[in-house]
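Below is one structure; the comments refer to it alone.
Just so it is clear, the structure is predicted and the values come from calculations on it, not from any experiment. The basis for the numbers below is simple: all heavy atoms, side chains too, and nothing from hydrogens, waters or symmetry mates. Note on naming: letters A, B, ... go to the chains in the order of the sequence lines (proteins, then strands), and numbering restarts at 1 for each one.
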Amino acid sequence: MDEQPRLMHSHTGVGMAGHPGLPQHMQEGTGGTDGDGRKQDIGDILQQIMTITDQSLDEAQARKHALNCHRMKPALFNVLCEIKEKTVLSIRGAQEEEPPDPQLMRLDNMLLAEGVSGPEKGGGSAAAAAAAAASGGAGADNSAEHSDYRAKLSQIRQIYHTELEKYEQACNEFTTHVMNLLREQSRTRPISPKEIERMVSIIHRKFSSIQMQLKQSTCEAVMILRSRFLDARRKRRNFNKQATEILNEYFYSHLSNPYPSEEAKEELAKKCAITVAQVSNWFGNKRIRYKKNIGKFQEEANMYAARTAVNAANASSHGSQANSPSTPNSAGETGN
DNA sequence: GGGCATGATTCTTG
DNA sequence: CAAGAATCATGCCC
């Protein structure tokens with residue numbers, strides 16, 4: 001292949017023979033009569049080159065075929081392949097056999113844990129169960145949100161799988177294409193099976209880096225989804241009217257000491273269908289907000305006081321005699 | 001969309 | 001450690 005440039009070099013070199021500016025070694029040693037012999041050689045070579053360019057395509061093909069069929073060709077290619085193998089190995093032998101990428105393993109583990117890359121179904125419910133556990137077990141009304149969560153997760157899962165499939169298909173197509181190409185070329189230039197193998201592994205590495213990007217963005221999507229559903233603050237729901245009334249009733253009827261005991265909290269929690277912690281939160285918030293702005297809550301206080309008075313009156317009329325019904329305008333200061 | 005209400009969280013305090 | 005206080009983030013109404 002690289003015969004021609006060298007020929008051209010020697011051509012120009014010899015052509016300049018005898019030139020005053022020519023380096024010494026070019027002029028020495030060739031001898032007087034040899035000069036004519038070299039000119040003769042060059043002439044032959046030039047002639048050969050000219051005949052090659054003059055050859056028709058058919059002739060060239062025929063020669064190529066002849067070369068391909070030459071009995072020495074396989075042996076020659078084997079040797080060339082061996083040489084190539086050695087040089088290639090010495091160049092990049094060090095970077096072969098890299099260990100599994102820890103980041104990729106992390107991503108894989110996470111996708112598996114989130115039920116995105118694992119077996120069909122079931123995985124998502126694990127995450128949903130985690131969401132349920134994190135939400136404090138308020139129960140009842142958050143099942144709708146979990147189905148929403150599951151739906152979104154399965155959407156992500158679907159996108160992930162179709163993309164992954166697409167990548168795999170593209171990778172396979174490209175690999176077979178390159179392999180065919182190399183096999184085809186191996187008839188005209190020395191390519192060992194090992195080299196093809198190496199090329200395939202390079203392709204796979206490139207595609208797996210693309211896959212890693214896909215995995216990374218999928219993980220990000222899952223994390224965002226998770227944080228949206230697991231962050232309790234984001235899914236704050238106002239208590240229903242009945243629960244608020246029960247809590248307010250207790251609060252205003254114990255205004256002088258609005259600190260329910262553990263048992264009272266449990267009772268209220270049961271009545272309101274909320275957790276004890278929520279009851280505690282509610283009373284904490286209520287106390288501080290009431291204290292900060294009593295005027296604002298006065299109307300509410302009067303209303304609940306009146307209501308408890310009516311309740312007490314009803315109870316007393318049903319029973320024998322009331323002991324001491326609280327006065328409506330004293331904001332229900334029953335005292336504890 | 002702005003503003004207030006409200007449940008939850010976090011930090012401080014006694 | 002529980003209550004208070006501050007703050008956050010969402011819900012809801014106008």
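- The shortest distance between the side-chain N/O atoms of A/Q278 and the OP1/OP2 oxygens of B/dG7 is not below 4.0 Å.
- The side-chain contact (heavy atoms from CB on, under 4.5 Å) test with A/C272 is passed by exactly one of A/L247, A/V279, A/N240: A/L247.
- Checked against the 6.0 Å centroid threshold, A/Y304 and A/F251 do not count as a close aromatic pair.
- Taking 4.0 angstrom as the limit, A/R237 places a side-chain polar atom (N or O) nearer than this to OP1 or OP2 of C/dG11.
- Within the 4.5 Å cutoff, side-chain heavy atoms of A/N311 are placed close to those of A/E249.
- Contacts between residues 238-248 of chain A and DNA chain B, counted as heavy-atom distances below 4.0 Å, involve A/N238, A/F239.
- Distance, A/W282 CH2 to B/dG7 P: 8 Å, rounded to whole Å.
- Of the possible donor and acceptor atoms, one in the side chain of A/R287 sits under 3.5 Å from a partner among the backbone N and O of A/P258.
- If you measure from atom CZ of A/R289 to atom P of C/dC8, you get 13 Å, rounded to the nearest angstrom.
- Through chains of ILVMFWY side-chain contacts below 4.5 Å, A/M212 is grouped with A/L104, A/L107.
- The residue A/K286 sits apart from the nucleic acid: no heavy atom pair falls under 4.0 Å.
- Within the 6.0 Å centre-distance limit, the rings of A/Y250 and A/F283 are counted as a close aromatic pair.
- One finds no salt bridge joining A/E82 and A/K194 here, because no Lys/Arg side-chain nitrogen approaches an Asp/Glu carboxylate oxygen to under 4.0 Å.
- Distance, A/N281 CG to C/dC8 C1': 13 Å, rounded to whole Å.
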Identify all pairs in which a protein N or O lies below 3.5 Å from an N or O of nucleotides 2-5 of chain C, and state each distance.
{"unit_1": "C/dG4", "atom_1": "OP1", "unit_2": "A/Y259", "atom_2": "OH", "d": "2.3"}
{"unit_1": "C/dG4", "atom_1": "OP2", "unit_2": "A/R287", "atom_2": "NE", "d": "2.6"}
{"unit_1": "C/dG4", "atom_1": "OP2", "unit_2": "A/R287", "atom_2": "NH2", "d": "3.3"}
{"unit_1": "C/dA5", "atom_1": "OP1", "unit_2": "A/K291", "atom_2": "NZ", "d": "3.3"}
{"unit_1": "C/dA5", "atom_1": "OP2", "unit_2": "A/K291", "atom_2": "NZ", "d": "2.8"}

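- A heavy-atom distance below 4.5 Å is found between the side chains of A/V276 and A/E262.
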